[in-house]
Amino acid sequence: MRLAILSQRGGVGKTTIALALAEFWGASLYELELGFPKLWPSEPEDLEPVNWRLSRFDRRKCDLCEECVKNCQFGALVREGEVIKHRGHRCRGCGLCKEICPRRAILLKEVKLGEIAKETKGWGPIYAARFVRGGAVEGVLWRRLYEKYPFEEKTILKAPTGLNGESLQAVKEAEFFVLLTTPDASGEIPLFAEIMQGIGLPGAVLLNFSTERGEEIRAQAESSGLFWAGEVPPLDDLSRGLREAYPAIESVFSNLIQGGWGG
Amino acid sequence: MREIVVVGTPGSGKSTFCRLLWEERPSLGGACAEFELPSLPHGFAETQKEPFKIAVPIRNFMLCAGCALCQKSCPFGAIWEEDLWIDPFLCEGCGVCVKNCPNRALQLANMQIGEIIEGKAGERKFFSGKLFSGARGAPRLLRALRERYRGDGDVVLDVPARYGEFLAAALEEAREVVLLVTPEEPALYLLDRVSFLAPKARVYLVLNRIREEDPLVSQIKDKGEGKKFELVAEVPHHPSPQEAEDGLRKALSAFLDLAKL
């Protein structure tokens, strides 16, 4: 089973929960937050640069016909006075400008976009990717990560923060989606339920830093057609890991995995 | 026009900092890039709403001969070989397939995926945006939001914890950035990222929720100094929300002095 862990906001404990779940379940874990990967290995194994092509502009050949400016969908090419300015950070490397330039003033050049690496833990591997420069074509890095490290039987995909299309793009191969939320959040559960209805795959809610509002949130999740995985109270000391600090997490996790499989 | 872009690690107090800054300086406009669950601040009324659209390739099956040139030419592998379905999670909307279609069966159509919202309280303005549920295009909506408020006075932009292309869009051509971090290992990497995404910006660094004798604090400060970030304040960790807010308030007044705001 491929399980995705999502959260709408940062700081809700996604990294802690994902690590503990991977260890409990014996699963491989993919860190998909490319701009701020908390699980980037401290000692990376198999470090591999990921290159991507971006357009390069030759002003000497340009006759200012502005075909490229008109056609670039990303606003990467703009005319400023007597030059076409190329804003490299907006370029997604599609190559359309190169194809249509009548003067062949545009070339594609390979640049290092990011890197991917792995780390072997006692229970299994962590795979991670991150950006190394300004350009941020996310799909390229995720694709390379999945190509190089095909999914194993038990896989956890730790999505980038957010409940938008970019986060869903990262975990599009998941079969089961878990929203990690907190009691002070409002509107996350209906939004998640709406998204899951669109995707047509099962979704679950796991409540972190739970309070006496837990039952209320459970009712909200269940009435939205989501599986209730359980709740985790606020914990003071996580220095020795979640399972040490809160042994009851195991029943939450087994509930989540069995429920997700069945439901 | 001044634009203060506030970014940082999760739970570092970005939104509180923005709110305090905003309370302190009533001449500043506000903007928030929380597009999934947007809200206007208390007392604001929605005055304008405009659709936000992006270009999406649409196939006209009456004209499509099934030649698959689109599939072969797609730089992002977004078109399925079996049925030429365009995967919306992979398509970037670049238009290469449209240019390569010999039958003009593909066209780029502007489809609405969200809206830009303007709110007002008296003379004060607040800009926000909404993305339709599950829609992909948050970085582009952020760019559109910034273009919308530019030229409309000074503004502070609250950027939620998204770090991929979204952060790149938030920092694009930024001149003044407040970077809030809590002492944790990945924060060092975020410092690098901010410096290469906003190379021309003046960056004000706020360390929040510092516990005593944390070795990471000096590492973060050294790295910040190396990048010529200006250290605004080091706020100690407070368990109570009120004390935590008071700590940030002190950081804010140091920032206002430093930024001459």
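Reckoned from all heavy atoms, side chains included, excluding hydrogens, waters and symmetry mates. A, B, ... follow the sequence lines: proteins, then strands. Residue 1 opens every chain.
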Closest non-hydrogen atom pair between Arg140(B) and Glu92(B), with its separation: NH2-O, 3.0 Å
Salt bridge present between Arg19(B) and Glu245(B) (N-O < 4.0 angstrom): yes
Test log, rule salt bridge (charged side-chain N to carboxylate O under 4.0 Å, His left out), inputs Arg144(A) and Glu147(A): CA-CA 5 Å; Arg144(A) 182 62 198 132; Glu147(A) 262 170 24; 3.1 Å; yes
Test applied, salt bridge (Lys or Arg N to Asp or Glu O under 4.0 Å); reference residue, Arg130(A); option that passes from Glu48(A), Glu115(A), Glu31(A): Glu115(A)
When Ser186(A), Gly10(A), Gly162(A) are compared by non-hydrogen pairs under 4.5 Å with chain B, the top option: Gly162(A)
Asn208(B) side chain to Ser12(B) side chain, donor-acceptor N/O pair below 3.5 angstrom: no
Pairs of heavy atoms under 4.5 Å with chain B: top-ranked of Arg53(A), Glu138(A), Gln169(A): Gln169(A)
Pairs meeting criterion salt bridge (Lys or Arg N to Asp or Glu O under 4.0 Å) with involvement of residues 197-211 of chain A, two or more places apart: none
Test item: side-chain donor near acceptor, Glu34(B) and Gln8(A), under 3.5 Å: yes
Side chain / backbone / both / neither for Leu168(A) at chain B, heavy atoms under 4.5 Å: both
Among Asn164(A), Leu34(A), Val140(A), residue most engaged with chain B (heavy-atom pairs, under 4.5 Å): Asn164(A)
Any donor-acceptor N or O pair under 3.5 Å, side chains Ser240(B), Gln242(B): no
Contact origin within Leu108(B) toward chain A - heavy atom pairs under 4.5 Å: side chain
Chain A contacts, top residue of Ser73(B), Pro199(B), Pro139(B) (heavy-atom pairs, under 4.5 Å): Pro139(B)
Side chain / backbone / both / neither for Glu185(B) at chain A, heavy atoms under 4.5 Å: neither
Engaged part of Ala138(B) at the chain A interface, taking heavy atoms whose separation is under 4.5 Å: both
Qualifying residues under side chain to side chain contact (heavy atoms under 4.5 Å, CB included), relative to Ala117(A), sequence neighbours excluded: Trp40(A), Pro41(A), Pro44(A), Leu47(A)
Chain B contact via Phe74(A) - side chain, backbone, both or neither, heavy atoms under 4.5 Å: side chain
Contact leader toward chain A among Ala161(B), Gly11(B), Gly134(B), where contacts are heavy-atom pairs under 4.5 Å: Gly134(B)
Part of Lys172(A) lying under 4.5 Å from any heavy atom of chain B: side chain
Side chain, backbone, both or neither of Tyr189(B) within contact of chain A (heavy atoms, under 4.5 Å): side chain
Per-residue contacts, residues 96-105 of chain A versus chain B, heavy atoms under 4.5 Å: Leu96(A), Glu99(A), Ile100(A)
Ring-ring centroid check Tyr146(A) Phe151(A), cutoff 6.0 Å: yes
Under 4.5 Å from a heavy atom of chain A, the part of Leu131(B) involved: side chain
Glu166(A) portion near chain B, given a 4.5 angstrom heavy-atom threshold: both
Asp192(B) portion near chain A, given a 4.5 angstrom heavy-atom threshold: neither
For residues 168-179 of chain B, run the donor-acceptor check on the side chains, cut-off 3.5 Å, and write out each pair with its distance to 0.1 Å, sequence neighbours left out.
unit_1    : atom_1 : unit_2    : atom_2 : d
Glu172(B) : OE1    : Arg90(A)  : NE     : 3.4
Glu172(B) : OE1    : Arg143(B) : NE     : 2.6
Glu172(B) : OE1    : Arg143(B) : NH2    : 3.0
Glu172(B) : OE2    : Arg90(A)  : NE     : 2.7
Glu172(B) : OE2    : Arg90(A)  : NH2    : 2.7
Glu176(B) : OE1    : Arg2(B)   : NE     : 2.9
Glu176(B) : OE2    : Arg2(B)   : NH2    : 2.6
Glu176(B) : OE2    : Tyr204(B) : OH     : 3.3

Shortest non-hydrogen contact from Leu142(B) toward Ala33(B): CD1-CB, 3.7 Å
Student check: side-chain heavy atoms of Thr182(A) and Arg9(A) closer than 4.5 Å: yes
